[in-house]
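Have a look at the structure below before the remarks.
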Amino acid sequence: MAHGLVAQLGGALTIQSQSGLGTNVELWLPISSAVASLAEVSAPPAAPASRRGLALLVDDEEIVRASTADMLEEIGFRVQEASSAEAALSLVAEGARPDLLVTDHLMPGMSGVETGARSARATARPAGANRLRLRGSRRDRARSAAADQTVPER
């Protein structure tokens, strides 16, 4: 995906990796001939037109959680973060009532599917209402498919 985008922009992407030394990624983009106006450079970001409510974001990887939280805030959500399914369910038990539940699919201890099902029961919402489940790379998909089929009812 990154390579395709860079190619469309007339640039180049190189990746060099050596075991024990690490990986070097270089992204080369052409210099733009366009000049940004002072208004474009100094304009503050526009505030969202309306608040969309509370998003409960659950991901065990801090960097993923932080970038996803930024995106949710940009589109108007207030974001409450949890680093595990158990922490998210504790927030719900303490009274958090998210308008949107965003979960990583594969997390230690409990899948995003099970987290969503338990959260729905705790908040008396329909099981599929306002949930977004995220998953990672292709190698996670086999484990993901198996987890989708094993949501225990409690």
Side-chain angles (χ1 to χ4, degrees), residues 1-9 11 13-29 42-154:
M1 187 164 106
H3 184 268
L5 176 62
V6 170
Q8 285 178 349
L9 296 172
L13 175 73
T14 63
I15 302 174
Q16 300 168 345
S17 186
Q18 288 185 340
S19 181
L21 292 177
T23 302
N24 181 53
V25 178
E26 293 181 3
L27 177 66
W28 294 84
L29 296 173
S42 61
S50 65
R51 300 314 284 169
R52 296 181 183 261
L54 175 64
L56 177 53
L57 171 59
V58 190
D59 199 303
D60 58 320
E61 293 186 43
E62 184 176 349
I63 194 163
V64 173
R65 199 171 58 248
S67 64
T68 305
D70 286 345
M71 288 185 270
L72 289 166
E73 288 170 347
E74 283 180 14
I75 61 171
F77 282 96
R78 288 176 297 117
V79 179
Q80 191 164 16
E81 298 180 36
S83 60
S84 69
E86 293 80 6
L89 293 174
S90 290
L91 291 170
V92 170
E94 293 168 4
R97 293 298 177 259
D99 299 292
L100 174 66
L101 175 65
V102 181
T103 66
D104 182 7
H105 180 64
L106 294 174
M107 296 181 287
M110 188 183 310
S111 74
V113 173
E114 186 174 355
T115 305
R118 288 187 183 190
S119 173
R121 283 191 294 275
T123 59
R125 289 191 172 184
N130 300 326
R131 285 193 308 192
L132 176 61
R133 190 170 28 108
L134 308 174
R135 50 184 184 180
S137 67
R138 291 178 190 228
R139 73 182 162 191
D140 292 337
R141 289 191 181 148
R143 290 184 293 184
S144 174
D148 276 346
Q149 297 171 4
T150 57
V151 178
E153 287 298 319
R154 294 191 199 321

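In this text, all values refer to a predicted model and were calculated from it rather than measured experimentally.
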Return the minimal non-hydrogen interatomic distance between Leu57 and Arg65, and the atom names on each side. CD2-O, 3.2 Å
Would you call Asp104 and Val64 a side-chain contact if the rule is heavy atoms closer than 4.5 Å? no
Specify the closest pair of heavy atoms between Leu89 and Thr115, including all atoms of both residues, with the distance to one decimal. CD2-O, 3.9 Å
Considering non-hydrogen atoms only, spot the tightest contact between Glu86 and Pro108 and give its length. OE1-O, 4.4 Å
Rounding to 0.5 Å, atoms CE (Met71) and OG (Ser67) come to a distance of 4.5 Å
Kindly compute the distance separating CG (Asn24) from OG1 (Thr14), expressed to the nearest 0.5 Å. 6.5 Å
Are Pro98 and Gln80 packed together at the side-chain level, in the sense that at least one heavy-atom pair is separated by less than 4.5 angstrom? no
Testing the basics here: between Leu91 and Ala82, what is the closest heavy-atom pair and its distance to 0.1 Å? CD1-CB, 4.2 Å
Any heavy-atom pair between the side chains of Arg97 and Leu54 that's under 4.5 Å? no
To the nearest 0.5 Å, tell me how far Leu21 CG sits from Gln16 CD. 11.5 Å
Can you tell me if CD on Glu62 sees more than 12 non-hydrogen neighbours from other groups inside 6.0 Å? no
Do His105 and Val113 have side chains that get closer than 4.5 Å, going by heavy atoms? yes
A side-chain contact here means heavy atoms from C-beta on lying under 4.5 Å apart; do Leu72 and Leu100 qualify? yes
Identify the heavy atoms of Ala69 and Glu81 that sit nearest to each other, and give their distance. CB-OE2, 3.5 Å
Between Leu56 and the options Thr103, Val102, Val92, the side chain to side chain contact (heavy atoms under 4.5 Å, CB included) test singles out Val92
Which pair of heavy atoms, one from Ser83 and one from Ala87, lies closest together, and at what distance? N-CB, 4.4 Å
